[in-house]
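Only one structure is covered here, and it is reproduced in the block below.
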Amino acid sequence: MVLLPFRIKVKNAETGATVEMELEQNNTVDEVIESAATFWNKEMGTYVVRKGKKVLRGTQALSDAGVREDDMLELVPDPEGG
Amino acid sequence: MRPVTRPRIVGETKRPVLELRPPSATRPHEWLSEDAERRYNEICTTGRVFDIYFSSVAENKIREQAAGAAPMRHEVMGLLLGEVRIWKSEIYTVVRGVSTTDLRSSSANVKFDPEALPRLFIDLDSARFDYVVVGWYHSHPGHTCFMSRTDLNTQRSIFTQPYHFALVIDPINMEIEAFKTRGNGYVSVPFAIVDGATLRTRRLKAADSPAERQIDATT
């Protein structure tokens with residue numbers, strides 16, 4: 001089966017900037033976070049990615065996570081205080 | 001089987017920075033130290049722009065949350081939602097709201113409870129404006145206001161833009177202070193409290209400014 005590439009948007013909550021990303025259904029959530037984090041010079045582990053009110057977990061494939069063409073994901077900071 | 005291609009970024013849209021005159025009706029926070037209050041007055045007298053304008057509504061929520069957990073000496077934490085604005089080449093931040101959820105906290109550590117993240121997201125979606133997470137807040141119940149090593153790690157790894165800041169509140173000693181990183185350390189940053197309603201983005205008068213400007217606030 002041929003899986004066609006599709007596009008989504010990923011918003012950086014801390015700047016309001018948005019990237020358009022081309023990917024495949026087999027890509028994982030971690031790969032999305034890694035791509036966005038690398039583009040914005042961020043550390044991967046300090047963020048969570050959400051689709052609406054749902055947290056997308058790292059190793060999930062996008063197809064399993066329910067991510068579809070034109071979806072908007074958001075990279076949200078996950079701080080720790082001490 | 002064909003190898004999976006890694007995601008490819010095909011374009012970025014930056015958020016425009018609003019060019020807006022900062023609010024003029026401000027007041028100092030009642031928990032400021034003498035030194036911080038002196039700096040507040042100095043900025044007001046010279047007509048300079050504060051780094052941060054804080055909605056009284058948002059500040060109240062933080063204070064109530066911190067006070068609620070103070071008897072257990074538990075820290076509280078949340079995200080500061082606002083906008084980045086510019087006036088006469090000076091970038092400043094307005095905080096219009098806060099978002100939080102259930103926490104995993106002790107007297108010396110705090111994080112969002114991973115199971116409660118959906119509630120944080122619902123809270124974010126209930127913001128009535130197109131927010132930017134301009135910083136974060138947390139409490140040091142009884143420990144005074146400063147940036148611990150953990151706090152600095154968070155600030156350096158997440159809140160790296162020039163407008164980002166950390167608000168620390170001590171509800172027991174009744175202290176509050178805003179910080180930004182500088183070099184290997186951090187500095188205290190003056191801020192002003194504003195009636196929430198006056199922080200809303202409004203249509204500019206012709207004399208105010210040409211309108212929104214596409215400015216890269218990240219540089």
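Only this structure's heavy atoms are used, side chains among them; waters, hydrogens and symmetry mates stay out.
- Proximity to chain A is limited to the side chain of Leu79(B), based on heavy atoms less than 4.5 angstrom apart.
- Listed by chain and number, the residues in a ring pair (Phe, Tyr, Trp, His ring centres under 6.0 Å) with Phe146(B) are His140(B) (sequence neighbours excluded).
- The CD1 atom of Ile158(B) lies 7.0 Å from the CD atom of Glu14(A); values are rounded to the nearest 0.5 Å.
- Heavy-atom pairs under 4.5 Å with chain B were tallied for Glu20(A), Glu80(A), Glu74(A), Arg7(A); the largest tally goes to Glu80(A).
- The shortest distance between side-chain heavy atoms of Thr160(B) and Asn41(A) does not fall below 4.5 Å.
- No more than 12 heavy atoms of other residues, nucleotides or ligands shown are found within 6.0 angstrom of CE on Met174(B).
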Determine all donor-acceptor pairs shorter than 3.5 Å in which one atom belongs to a side chain in residues 114-123 of chain B; sequence neighbours excluded.
{"from": "Arg119(B)", "atom 1": "NH1", "to": "Asp102(B)", "atom 2": "OD1", "distance (Å)": "2.7"}
{"from": "Asp123(B)", "atom 1": "OD2", "to": "Ser99(B)", "atom 2": "OG", "distance (Å)": "3.2"}
{"from": "Asp123(B)", "atom 1": "OD2", "to": "Thr100(B)", "atom 2": "N", "distance (Å)": "3.1"}

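- Only the side chain of Ser148(B) comes within contact range of chain A, judged by heavy atoms closer than 4.5 Å.
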Output side-chain donor-acceptor pairs under 3.5 Å for residues 176-186 of chain B, partner residues at least two apart or in another chain, one line each.
{"from": "Glu177(B)", "atom 1": "OE2", "to": "Ser188(B)", "atom 2": "OG", "distance (Å)": "2.9"}
{"from": "Lys180(B)", "atom 1": "NZ", "to": "Asp51(B)", "atom 2": "OD2", "distance (Å)": "3.2"}
{"from": "Lys180(B)", "atom 1": "NZ", "to": "Pro162(B)", "atom 2": "O", "distance (Å)": "3.0"}
{"from": "Tyr186(B)", "atom 1": "OH", "to": "Met147(B)", "atom 2": "N", "distance (Å)": "3.3"}

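- Using a 4.5 Å cut-off between heavy atoms, Lys9(A) does not touch chain B at all.
- The distance from atom OG1 of Thr15(A) to atom CD of Glu12(B), rounded to the nearest 0.5 Å, is 7.0 Å.
- With a threshold of 4.5 angstrom between heavy atoms, Val48(A) approaches chain B through side-chain atoms but not through N, CA, C or O.
- Expressed to the nearest 0.5 Å, how far CG of Asn26(A) lies from OG1 of Thr5(B) amounts to 9.5 Å.
- Contact between Ser35(A) and Ile9(B) at its shortest, heavy atoms only, is O-CD1, 3.6 Å.
- Judged purely by atom type and a 3.5 angstrom limit, Asp151(B) has no side-chain atom pairing as donor or acceptor with the backbone of Gly81(A).
- Side-chain contact check for Val110(B) versus Pro79(A): every heavy-atom pair is 4.5 Å or farther apart.
- Between Asn27(A) and Pro7(B), the shortest heavy-atom distance links the atoms ND2-CD, 3.7 Å.
- Heavy-atom pairs under 4.5 Å with chain A peak, among Arg104(B), His164(B), Gln155(B), at His164(B).
- Of the residues considered (Thr46(A), Val32(A), Leu23(A), Val10(A)), Thr46(A) shows the highest number of contacts with chain B, using heavy-atom pairs under 4.5 Å.
- Residues of residues 59-70 of chain A never come closer than 4.5 Å to chain B when only heavy atoms are counted.
- The distance from the CZ atom of Arg156(B) to the CD atom of Glu43(A) is 11.5 Å, given to the nearest 0.5 Å.
- Between Phe159(B) and Pro77(A), the closest heavy-atom pair is CZ-CB, 4.1 Å.
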